[in-house]
Enquirer: 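Just dropping this structure here.
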Amino acid sequence: GAEQKLNILDYLDDLHKQKGNGTIITTQSQDIRTFSPSCSRGDRTRYFLKVQDGCDYYCTYCTIPFARGRSRNGSIAEMVKQAETVAASGGKEIVLTGVNIGDFGKSTGESFFDLVKALDRVEGIERYRISSIEPNLLTDEIINYVATSRRFAPHFHIPLQSGSDEVLKLMHRRYDTALFKSKIQKIKSVMPDAFIGVDLIVGVRGETEQFFNEAVRFVYGLDISQLHVFTYSERPNTQALKIDHVVNPQEKHERCKKMLEISEKKTHEFYSSQIGKTRPVLFEHPKKGAPMHGFTDNYIRVEMPYEKNRVNTTCKILLGDFNETGDALTVTRIIE
Ligand code: SF4
């Protein structure tokens, strides 16, 4: 268990006593029940708060449940305390992370929705982002709450993994494309400007050409802002290895390329739709010689010339056109 990392020297010592040969099993991952809250500073403006660890799902391609153990979490009170500490040290933005964060609360008799509401009340934190959340656990009540929350950003990251119902079944995912689509529509109906990032795996076993083409059509039709595309690689001891159809490496590469092209188009369309709109931007510490940049609440990357006193502050700005490299929008005017 990750909480035993600090004992590594003792374990090495034991191994040394065995003359360097042998294996020491500290705890079987399935038996790990403890959760160590942790909050790390990504850069000088953003913090990552781990609210949950482990997973009780068994997707056929994934080894995480074997490696990380069962789903577990700290209490809401502990998480609130962590957020208060971040606020006291000047942090403005917290990203909530975990292996399967929608499952938060299982081990403490609480819920992810209650965690969201409790964190929203912490003074000093300007923004929260919810990192990847399973579509079947992203409830309408969470979506409605984020839509009216002052602090939770209109930014979602949802793993789809495949846009083919047949492949989703082979993966043992707990939703189908209809449910996924309904979540995207729900988000957009209450937050038309929300950024939605979607994870996809291409080239999994069982993804025939027909199923891939179905996935392309499905993804193309979704009102989303970006795809995070992963190429499938085989993992020992996974159920997926029992599926017959194998996609060859060249084909996997082509499929990845195709999905990345769709992603680029979606991101460009989303950014274009935001030009001329007013959004809050939290400016970050730029790298030496680079222009100052920041992100809007709805995850648009924004660039403007360096102004020392704007770093780590939130400004309302009027979004301008694309920058020269096309990967950020410029600032037409700072409103306040
Ligand atoms: S893919 Fe995600 S939900 Fe599925 S088993 Fe792995 S960690 Fe759990």
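Every number for a ligand or one of its atoms is a count from 1 in the order of the listing. Computed from a prediction, not measured in an experiment: that's the story for all the values here.
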Enquirer: Would R173 count as a contact residue for ligand 1, given that I'm defining contact as a non-hydrogen atom of the residue lying under 4.0 Å from a ligand atom?
Expert: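 The answer is yes, since R173 has a heavy atom less than 4.0 Å from ligand 1.
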Enquirer: Among all the protein's non-hydrogen atoms, which is closest to atom 7 (S) of ligand 1, and how far away is it?
Expert: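 Answer for atom 7 (S) of ligand 1: V99 CG1, 3.6 Å.
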Enquirer: Please round to the nearest 0.5 Å and tell me the distance separating atom CG of D223 and atom CD1 of I196.
Expert: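 If we round to the nearest 0.5 Å, D223:CG and I196:CD1 are 6.5 Å apart.
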Enquirer: Could you walk me through whether F180 and V198 pass side-chain contact (heavy atoms from CB on, under 4.5 Å), step by step?
Expert: CA-CA 10 Å; F180 194 91; V198 170; 4.0 Å; yes
Enquirer: Which residue supplies the protein heavy atom nearest to atom 6 (Fe) of ligand 1, what is that atom called, and how far is it?
Expert: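 Checked against all protein heavy atoms, atom 6 (Fe) of ligand 1 sits closest to C62 SG, 2.4 Å.
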Enquirer: Which residue and atom name correspond to the protein heavy atom nearest atom 2 (Fe) of ligand 1, and how close is it?
Expert: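 Of the protein heavy atoms, E134 OE2, 4.2 Å lies nearest.
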Enquirer: What is the nearest protein non-hydrogen atom to atom 8 (Fe) of ligand 1, stated with its residue, atom name and distance?
Expert: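 For this ligand atom, the closest protein heavy atom is C55 SG, 2.3 Å.
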Enquirer: Taking K117 first and then D114, would you say they form a salt bridge - that is, a charged N and a carboxylate O separated by under 4.0 Å?
Expert: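 D114 and K117: salt-bridged.
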Enquirer: Taking the ring centre of each residue, are F113 and Y145 less than 6.0 Å apart?
Expert: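 Yes: the rings meet the under 6.0 Å criterion.
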Enquirer: Just jot down the ligand 1 atoms closer than 4.0 angstrom to any heavy atom of P65, in number order.
Expert: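 Within the 4.0 Å cut-off of P65, ligand 1 contributes 5 (S).
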Enquirer: Is any side-chain heavy atom of L170 closer than 4.5 Å to a side-chain heavy atom of R205?
Expert: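 A side-chain contact under 4.5 Å is absent here.
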Enquirer: Look at atom 1 (S) of ligand 1 and find which of Y61, Y57, F66 reaches it with the closest heavy atom.
Expert: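 It is Y61 whose heavy atom sits nearest to atom 1 (S) of ligand 1.
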Enquirer: Can we say R279 and D297 salt-bridge, meaning some charged N sits less than 4.0 Å from an Asp/Glu carboxylate O?
Expert: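 Yes.
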Enquirer: Nearest protein heavy atom to atom 4 (Fe) of ligand 1, by residue and atom, and its distance?
Expert: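 Answer for atom 4 (Fe) of ligand 1: C59 SG, 2.3 Å.
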